[in-house]
Amino acid sequence: MRKEFLPFSRPSITEADIAAVADVLRSGWITSGPQNAAFEEQFCRYVGSKSAVALSSATAGMHLALAAAGIGPGDEVITPSMTWVSTVNLITLCGARPVFADIERDTLMISARTVQDLISARTRLIIPVHFAGAPVDMHPLRRLAERHGIAIIEDAAHAAGSAYRGDLVGAHGTAIFSFHPIKNLTCAEGGMLCSDDPAFCERIRGLRFHGLGVDAYDRRQQGRSPQAEVQEPGFKYNLPDVLAALGLQQLHRLDVLNARRAQLAAFYHEQLADIDEIRPLAVPSYPHRHAWHLFVIRLDIERAGMDRDAFMQALKDRNIGTGIHFRAVHRQKYYRETLKPAPDHLPHTEWNSERICSLPLFPDMHAGDVTDVTAAIKDILAS
Ligand SMILES: *Cc1c(COP(=O)(O)O)cnc(C)c1O
């Protein structure tokens, strides 16, 4: 058994990352400023988008996007229930109704097929989630949305470096990335909204900082512009330079970090191939590049004779950490009580919600760590 606990995720931080942050701390300007501007420009260029706005989190980005799109009471927003709670919370908080689309059973992603019957006269927006580093099949979904005049905002929290049919996620449409510590690129907390609609990005940029016409940092004056006036009431969702400096460093290494994740995922696939009780997610059949944000498996609970939570506990007892991405949102207390979903609502979501488990996957892991995980799984299933 492992002597040291293996967490399911750990950020990859180098001495150069630490030095870049320390430089900002010594510089006399620690909140949003030149590092923030450089991070936006370089991230924008990396994904091939027209414009990008750095934010304090992806959740903040989704809040601003819903506000800028004017989503409110009477509106319906289609999104998966197999997602992080933040999206559904924000839809609810702005007074709109979340409408859950079921997922494809083996990729955990919504598709044109699972969305089409849910569109009503009230549908304003679709929020697909690129899952675990694989991209959603966007072309059919975009065609469906266009036909009905519905907007799409992509939740790209898992998709920094993912590509769909030759283009990076974020190159087309509007996508929101997260830089939370478990994500492929981290700056502790942060996010980026990329859009091919520069006017939409400018609106987000204004709402990000109190609705003032300018940023906290005026690029010419090298300081706060005292003349700024409120154009419309806004929020306080800017990304400080201390964090943007870390984001920039990580961006420069993103392809290397993702290549390492892909290698580790390949080790897992090899070593799990002959364990009948464990089913990794399927990889999409359309052309894509996977960012391997997560390595998600489904436990065959019938064959294993144990439920997923017992399986996770058994791994923890063997010093191996795991995560759940995600527990179906519509089965969580508030949504269960307010939306009262039928027992057989969203069958693929519920089937997966009870069986999924994310195994450790982060760039600083060694091949031996993967072997420790798969050996522990074999040990658990044999006992
Ligand atoms: C992490 C995550 C978010 C939220 O990102 P934050 O930066 O923590 O706000 C949103 N959606 C998904 C699918 C996520 O995994």
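Ligands are counted one by one from 1 in listed order, and the atoms in each one are counted from 1 as well.
- With respect to atom 3 (C) of ligand 1, the closest heavy atom belonging to the protein is Trp84 CD1, 3.6 Å.
- In this structure, Gly191 does not count as a contact residue of ligand 1, since none of its heavy atoms falls inside 4.0 Å of the ligand.
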Trace of the salt bridge (Lys or Arg N to Asp or Glu O under 4.0 Å) decision for Asp255 with Arg289: CA-CA 11 Å; Asp255 287 342; Arg289 184 170 86 189; 3.6 Å; yes
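- Considering backbone and side-chain N/O of Lys183, one or more are found under 3.5 Å from N/O of ligand 1.
- At a heavy-atom distance under 4.0 Å, atoms from both the backbone and the side chain of Ala58 approach ligand 1.
- Two residues are said to be in side-chain contact when any heavy atoms from C-beta on lie closer than 4.5 Å; Glu76 and Arg124 fail this criterion.
- Judged by distance alone, with hydrogens and angles left aside, the side-chain atoms of Asp23 form no donor-acceptor pair with the main-chain N or O of Ala20 at under 3.5 Å.
- Between Lys50 and Asp196 no salt bridge is recorded (no basic side-chain N to carboxylate O distance below 4.0 Å).
- Given atom 5 (O) of ligand 1, the protein heavy atom at minimum distance is Ser178 OG, 3.2 Å.
- For ligand 1, the atoms sitting less than 4.0 Å from at least one non-hydrogen atom of Ala157 are 2 (C), 3 (C), 10 (C), 11 (N), 12 (C), 14 (C), 15 (O), numbered in the order shown with element in parentheses.
- Geometrically, ligand 1 and Thr59 share a nitrogen or oxygen pair separated by less than 3.5 Å.
- Taking every heavy atom of Ser57 and a limit of under 4.0 angstrom, the matching atoms of ligand 1 come to 7 (O), 9 (O).
- Between the Arg122 side chain and the Gly74 main chain, a donor and an acceptor come within less than 3.5 Å of each other.
- Distances from ligand 1 to the non-hydrogen atoms of Ala60 include no value under 4.0 Å.
- At distances below 3.5 Å, at least one donor-acceptor pair connects side-chain atoms of Asn258 with backbone N or O atoms of Ala160.
- Of the protein's non-hydrogen atoms, Asp155 OD2, 2.7 Å is the one closest to atom 11 (N) of ligand 1.
- Counting heavy atoms under 4.0 Å from ligand 1, residue His158 touches it through the side chain alone.
- Atoms of ligand 1 found under 4.0 Å from any heavy atom of Phe326, numbered from 1 in the order shown, are 13 (C), 15 (O).
- Put simply, the side chain of Asp102 never gets that close to the backbone of Ile110: no donor and acceptor are under 3.5 Å apart.
- Annotation: side chain of Arg261 is not in contact with side chain of His290 (no heavy-atom distance under 4.5 Å).
- Between His293 and His158, the two ring planes are tilted [angle within 30° to 60°].
- Counting atoms of ligand 1 from 1 in the listed order, those under 4.0 Å from a heavy atom of Gly190 are 7 (O).
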